[in-house]
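Shown next, in structure tokens, is the structure this report addresses.
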There are 2 protein chains.
Amino acid sequence: MSEIDPLPTWLEHASANPYLPKSERAIWLQIYDRLNSALRDGAVNAGERLPSETVLAQCFGVTRVTLRRALRHLQNEGLLEARKGVGIFARRPGMVYQVGTGKRFAESFDSVEGRMTTRTVALTKSRPSADAIEALAIPETAEVILLTRLHLQDSYPVYLAVKELPAELFPNFAEVYALDHSISAVFKAHGIPKFSWAETRVSGGFAEAEEADLLHLTPRTPVLRTLSFNHAPNGSRIEFTRGCWPLDQVQLRFLPR
Amino acid sequence: MSEIDPLPTWLEHASANPYLPKSERAIWLQIYDRLNSALRDGAVNAGERLPSETVLAQCFGVTRVTLRRALRHLQNEGLLEARKGVGIFARRPGMVYQVGTGKRFAESFDSVEGRMTTRTVALTKSRPSADAIEALAIPETAEVILLTRLHLQDSYPVYLAVKELPAELFPNFAEVYALDHSISAVFKAHGIPKFSWAETRVSGGFAEAEEADLLHLTPRTPVLRTLSFNHAPNGSRIEFTRGCWPLDQVQLRFLPR
DNA sequence: CAGTGGTCTAGACCACATG
DNA sequence: ATGTGGTCTAGACCACTGG
């Protein structure tokens with residue numbers, strides 16, 4: 001940080017009345033409350049960097065350990081991201097994504113404000129994962145196309161997808177996909193003009209290092225995980241997707257039809 | 001604990017070679033690994049109490065702070081539950097519950113091993129919550145039946161449900177429900193022999209104090225939350241349910257039909 | 001009452017990213 | 001070289017639970 005570096009106004013206020021020492025509520029929770037408000041009220045903007053832990057600890061009149069406890073919980077809730085050696089940054093407060101069923105996945109984001117884009121992180125071939133073997137009903141010696149994509153809203157990552165597809169069915173995957181990064185274009189080019197959603201499973205987990213990096217989360221942050229299956233009209237299974245979502249930023253919506 | 005209280009065998013082993021001081025992996029993560037294995041391998045049985053934090057810290061040759069870090073993560077994963085003033089207990093490692101759609105909720109647990117039971121925690125009347133007002137399409141001045149139920153597998157809590165139903169539609173709710181604690185029996189008694197699932201929304205969150213207590217979780221543990229809606233054949237909305245699940249213990253499964 | 005987990009302090013060293 | 005977050009120590013006091 002620069003030489004004198006003035007405190008943000010929201011922090012000055014906190015600095016004056018740091019916390020209530022004999023309150024019912026633990027000190028770290030009071031600090032959590034204040035930071036939480038500052039983040040949700042917009043006193044701190046998304047992407048903005050917070051003062052360092054040392055400075056914050058001094059402002060609130062506590063040890064770094066106590067301060068870090070508050071920070072850790074805000075990270076778990078997806079409001080903050082810590083970058084080692086760099087600083088702590090405000091994430092965007094959770095918007096709700098209505099990821100429906102019955103409709104194609106791309107349409108799921110229609111109701112979202114802002115521009116949704118997709119970044120292709122990796123495209124390789126490999127052996128299928130254990131889940132994919134079962135989901136796609138292929139032998140473990142088969143080859144799959146492994147496609148990792150990151151979905152962004154206004155250049156902000158909100159969803160990480162790792163897809164596995166039977167390589168045998170899509171000999172020209174890379175070529176077609178390169179054109180406009182569209183999966184359905186690949187399907188169409190291989191004689192599958194329509195495909196339909198077969199099943200989705202939702203569970204919870206914790207962000208691995210790479211997931212955290214791509215999603216701008218602190219490692220080991222809780223996340224929502226999805227397993228999805230698509231099949232062709234003839235019933236053959238053509239796509240298996242593992243999804244990873246920041247826990248607070250998504251609301252998955254399922255309708256009977 | 002009793003006077004001399006011998007260490008469990010799995011701990012003795014750890015005690016001898018506590019951790020690798022100059023390893024890549026952080027000390028607390030190495031401790032996490034050991035405890036994790038002990039819990040998943042069955043070296044510690046579900047419901048069993050661990051030695052106190054002080055004892056564990058000594059065994060692993062670390063401070064309580066470091067040990068507690070490992071414990072906290074195991075709590076987040078639903079493997080441990082800390083009870084203040086009492087001790088730390090092993091939870092049952094996560095089983096997967098296939099909570100389907102299209103079928104009635106009770107059937108969702110059919111595939112589960114062990115005996116599923118339901119405990120009625122509370123049954124009162126009150127004003128509808130904000131979510132319920134929208135979900136049930138009732139005015140905020142209306143009255144709802146507020147029903148809290150805990151679902152157990154072999155007397156182990158796996159799912160907490162808070163239901164809201166328009167009181168107007170079910171004048172004899174309490175009487176009928178008292179007979180065999182069945183919701184569908186109540187519906188039937190009020191002229192609704194059939195009802196169908198309308199929608200489910202899934203999101204994440206963190207266990208409140210009461211939720212944690214009922215589900216045998218440590219407070220602020222990450223959980224899966226569901227919002228479900230049921231309606232009668234004529235389309236009127238008759239039930240709104242908020243569900244809370246231990247993050248690791250559930251896999252929600254959604255099919256198109 | 002004694003033992004437990006929950007909280008907090010005041011230091012310290014490290015790996016990492018940036019200029 | 002500097003400042004950052006990540007880790008760890010060695011104490012301490014508290015509120016709670018159970019016998």
Side-chain angles (χ1 to χ4, degrees), chain A residues 1-5 18-33 35 48-58 60-76 80-90 209 212-213 216-221, chain B residues 1-5 18-32 35 48-58 60-76 80-90 207 209 212-213 216-221:
Chain A
M1 304 188 73
S2 69
E3 184 75 31
I4 313 182
D5 221 2
Y19 60 87
L20 310 170
K22 282 151 193 168
S23 165
E24 278 285 305
R25 200 157 173 78
I27 297 175
W28 74 265
L29 272 171
Q30 296 183 47
I31 297 175
Y32 164 88
D33 290 338
L35 293 173
E48 202 171 317
R49 189 185 149 234
L50 266 54
S52 76
E53 292 184 351
T54 316
V55 171
L56 285 173
Q58 281 170 350
F60 286 106
V62 295
T63 319
R64 248 186 85 202
V65 178
T66 304
L67 175 82
R68 275 175 63 80
R69 188 107 80 101
L71 293 179
R72 179 58 187 168
H73 273 259
L74 292 162
Q75 289 161 19
N76 281 345
L80 291 178
E81 178 205 3
R83 289 186 222 156
K84 195 177 187 174
V86 184
I88 299 179
F89 297 81
D213 185 38
H216 288 187
L217 291 171
T218 304
R220 282 181 287 273
T221 286
Chain B
M1 304 188 76
S2 68
E3 185 71 33
I4 314 182
D5 222 2
Y19 60 87
L20 310 171
K22 280 151 193 169
S23 165
E24 278 285 306
R25 199 157 174 79
I27 297 175
W28 74 265
L29 273 170
Q30 296 183 47
I31 296 175
Y32 164 89
L35 293 173
E48 204 170 315
R49 192 186 147 232
L50 296 183
S52 75
E53 292 184 350
T54 316
V55 172
L56 285 173
Q58 282 171 350
F60 286 105
V62 295
T63 320
R64 248 186 85 202
V65 178
T66 304
L67 174 81
R68 275 175 62 80
R69 188 107 81 103
L71 293 179
R72 180 59 188 168
H73 273 260
L74 292 162
Q75 288 162 19
N76 282 345
L80 291 178
E81 178 206 2
R83 290 186 221 157
K84 196 178 188 175
V86 184
I88 299 178
F89 298 82
D213 185 36
H216 287 6
L217 291 171
T218 304
R220 283 180 286 273
T221 287

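Below, chains carry the letters A, B, ... as their sequence lines are ordered, and counting in each starts from 1. Since the structure is predicted, the reported quantities are computational estimates derived from the model, not experimental observations.
Atom CD in Q75(B) sits about 13 Å away from atom C1' in dT4(C), given to the nearest Å. For R69(B) and dG5(D), the CZ to C1' distance is 11 Å, given to the nearest whole Å. Distance L80(B) CG to dG5(C) P: 11 Å, rounded to the nearest Å. With rounding to whole Å, I27(A) atom CD1 is found 13 Å from dC14(D) atom P. The distance from atom CG of L67(A) to atom P of dT9(C) is 10 Å, rounded to the nearest whole Å. The CG atom of L71(B) sits 15 Å away from the C1' atom of dT7(C) (whole-angstrom rounding). The separation between H73(B) atom NE2 and dG6(D) atom P is 11 Å, rounded to whole Å. One can place CG of L74(A) at 16 Å from C1' of dG5(D), the figure rounded to the nearest angstrom.
For V65(A), taking side-chain heavy atoms from C-beta onward, the closest of the listed nucleotides dG6(C), dC8(D), dG6(D) is dC8(D).
Within the structure, a side-chain polar atom (N or O) of T66(B) is placed less than 4.0 Å from OP1 or OP2 of dT9(D). Look at S52(A) and you'll find a side-chain N or O under 4.0 angstrom from OP1 or OP2 of dT4(D).
Checked against R68(A) for a side chain to side chain donor-acceptor pair (under 3.5 Å), the options E53(A), H73(A), Q75(A) give a single hit: E53(A).
Considering CD of E48(B) and CG of L50(B), their distance stands at 7.5 Å, rounded to 0.5 Å. The distance from the OG1 atom of T221(B) to the CZ atom of R72(B) is 5.0 Å, given to the nearest 0.5 Å. Here the CG-CD distance, from D213(A) to E81(A), works out to 8.0 Å after rounding to the nearest 0.5 Å.
Across all strands, V86(B) comes closer than 4.0 Å only to sugar-phosphate atoms, never to a base (heavy-atom distances). Looking at heavy-atom distances under 4.0 Å, R25(B) makes no contact with the nucleic acid at all. Within the nucleic acid shown, R83(A) comes within 4.0 Å of sugar-phosphate atoms alone, with no base atom in reach, counting heavy atoms only.
Counting atom types as modelled, R64(B) pairs a side-chain N or O with a base atom of dG6(C) as donor and acceptor under 3.5 Å.
Comparing E24(A) and I88(A) along DNA chain D, the residue whose closest nucleotide (by nearest heavy atom) sits nearer the 5' end is I88(A). Mapping G85(A) and W28(A) onto DNA chain C via the closest heavy atom, the residue that lands nearer the 5' end is W28(A).
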